[in-house]
Amino acid sequence: MASTTLLDVSRAELGLVVMYLNKAEARDKLCRTIQYGSKFLSGGQPGTAQNVEKSTSLARKVFRLFKFVNDLHGLISPVPKGTPLPLVLLGKSKNALLSTFLFLDQIVWLGRSGIYKNKERAELLGRISLFCWMGSSVCTTLVEIGEIGRLSLSMKKIEKGLKHSNKYHDEKYRAKLKESNERSLALIKSAMDIVVAAGLLQLDPKKITPRVTGAFGFITSLISCYQLLPTRPKIKAP
């Protein structure tokens with residue numbers, strides 16, 4: 001009986017791994033972790049680590065082909081009722097900037113693959129795309145701050161309504177708390193990604209060195225990998 005349970009657990013865990021690796025987004029984030037981990041190790045110096053960084057960066061662009069459509073769809077999709085106008089505008093700006101980044105990134109890939117011959121224009125578009133990504137990260141950071149504030153107010157209202165009851169036993173409160181934690185993690189990630197973008201653009205090369213860029217990128221990649229983890233199924237006890 002114990003061996004059967006252990007087999008069920010192992011099968012379920014492997015199923016989660018397969019489900020995770022079947023996602024193009026998950027594979028992209030795993031490659032991103034390797035890319036920025038290699039950047040941290042190389043410190044911008046030529047060698048094996050830098051070669052891994054460059055090859056992984058190019059490979060990741062294949063995973064992002066036509067991905068700009070996702071944010072284009074988000075741009076024209078309706079927003080939830082009750083969302084404040086500033087948050088709506090910031091959210092739509094994020095979608096527009098991220099969609100532009102992903103679209104231009106395809107041209108960068110064509111240039112680095114040798115298909116698009118105008119290397120100077122490809123590099124210029126690559127720089128513009130990074131500014132778009134930085135802008136989208138700024139918008140995401142502001143949206144998350146606003147949404148966390150709204151959740152905090154909502155949780156306080158629930159607490160007042162519960163009076164002397166244990167708030168952690170209330171399903172609505174727990175759901176709001178979970179969402180708040182998820183948004184807090186997203187806030188940390190987007191704020192750190194601003195530093196990564198600044199590092200890639202070399203806006204302050206003395207402070208944001210390749211090693212700093214690699215470290216921040218590695219951390220945000222791990223956060224992205226965690227955010228994509230599937231929910232573990234509950235296994236019934238024998």
Side-chain angles (χ1 to χ4, degrees), residues 1-30 32-33 70-71 73-75 77-95 98 136-195 216-238:
M1 187 69 69
S3 61
T4 304
T5 304
L6 181 61
L7 183 62
D8 289 340
V9 171
S10 300
R11 189 183 295 114
E13 293 293 332
L14 281 173
L16 288 174
V17 173
V18 171
M19 188 189 304
Y20 185 78
L21 294 176
N22 277 341
K23 297 178 182 177
E25 184 77 8
R27 293 197 299 274
D28 174 48
K29 298 310 178 187
L30 287 171
R32 190 180 192 270
T33 306
N70 294 352
D71 280 279
H73 180 263
L75 181 63
S77 297
V79 296
K81 290 183 179 179
T83 306
L85 182 60
L87 291 183
V88 172
L89 295 175
L90 283 168
K92 295 301 181 182
S93 297
K94 182 208 77 170
N95 290 136
L98 195 55
S136 73
S137 296
V138 171
C139 290
T140 303
T141 300
L142 295 174
V143 167
E144 296 302 342
I145 291 171
E147 290 293 355
I148 289 170
R150 292 179 68 205
L151 283 168
S152 179
L153 291 174
S154 180
M155 289 163 70
K156 285 179 181 178
K157 287 182 181 179
I158 294 173
E159 283 185 66
K160 287 182 181 179
L162 293 172
K163 295 181 180 179
H164 301 295
S165 303
N166 191 331
K167 59 186 179 183
Y168 296 108
H169 291 165
D170 185 80
E171 188 176 341
K172 287 184 179 179
Y173 184 87
R174 289 202 309 271
K176 295 285 185 184
L177 181 61
K178 182 183 177 184
E179 186 181 351
S180 179
N181 290 337
E182 289 172 351
R183 287 194 174 276
S184 296
L185 188 62
L187 171 61
I188 293 168
K189 175 182 171 293
S190 59
M192 292 182 74
D193 271 338
I194 296 172
V195 179
F216 274 64
F218 182 75
I219 293 168
T220 57
S221 299
L222 290 177
I223 292 173
S224 295
C225 289
Y226 171 77
Q227 289 173 324
L228 290 169
L229 286 174
T231 306
R232 292 175 178 271
K234 294 180 180 180
I235 298 175
K236 296 180 180 180

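By the 6.0 Å contact criterion, NZ on K23 is enclosed, its count of non-hydrogen atoms from other residues, nucleotides or ligands being greater than 12.
Salt-bridge formation is detected for the pair R150/E147: a Lys NZ or Arg NE/NH1/NH2 atom is positioned less than 4.0 Å from an Asp or Glu carboxylate oxygen. The pair R32-D193 meets the salt-bridge criterion, with a side-chain N (NZ, NE, NH1 or NH2) lying under 4.0 Å from an Asp/Glu carboxylate O.
Rounding to the nearest 0.5 angstrom, the gap separating the CG atom in D71 from the CG atom in L98 is 4.0 Å. Taken to the nearest 0.5 Å, the OG atom of S224 stands 11.0 Å off from the CG atom of L229. In this structure, the separation between CD1 on I188 and OG1 on T220 is 12.0 Å, given to the nearest 0.5 Å. The NZ atom of K167 sits 8.5 Å away from the CG atom of L177 when rounded to the nearest 0.5 Å. Once rounded to the nearest 0.5 Å, the distance linking CG of L162 with NZ of K157 reads 14.5 Å. F218 CZ to M192 CE: the interatomic distance, rounded to the nearest 0.5 Å, is 11.0 Å.
Looking at heavy atoms from C-beta onward, L21 lies in side-chain contact with L30 at the 4.5 angstrom threshold. At least one side-chain heavy atom of Q227 sits under 4.5 Å from a side-chain heavy atom of L185. Counting heavy atoms from C-beta outward, I148 and S184 have side chains that approach closer than 4.5 Å.
No donor-acceptor pair closer than 3.5 Å links the side chain of Y173 to the backbone N or O of N166. Proximity of a side-chain donor or acceptor of K29 to a complementary backbone N or O of S221 within less than 3.5 Å is not detected. The backbone N or O of A24 sits nowhere less than 3.5 Å from a side-chain atom of D28 that would complete a donor-acceptor pair. Under the 3.5 Å distance criterion, the side-chain polar atoms of K92 are matched with a main-chain donor or acceptor of G74. No donor-acceptor pair closer than 3.5 Å links the side chain of K176 to the backbone N or O of S154.
Closest approach of S93 to C139, counting heavy atoms only: CB-SG, 3.8 Å. Across Y20 and C225, no two heavy atoms sit closer than the pair OH-O, 2.9 Å. Taking all atoms of both residues into account, the shortest heavy-atom contact from T140 to S190 is CG2-CB, 3.8 Å. Taking each heavy atom of E179 and L151 in turn, the nearest pair found is OE1-CD2, 3.6 Å. Contact record, A191 with T141: N-OG1, 3.5 Å, taken as the closest heavy-atom pair. Across all their heavy atoms, E144 and L187 have their closest contact at CB-CB, 3.9 Å.
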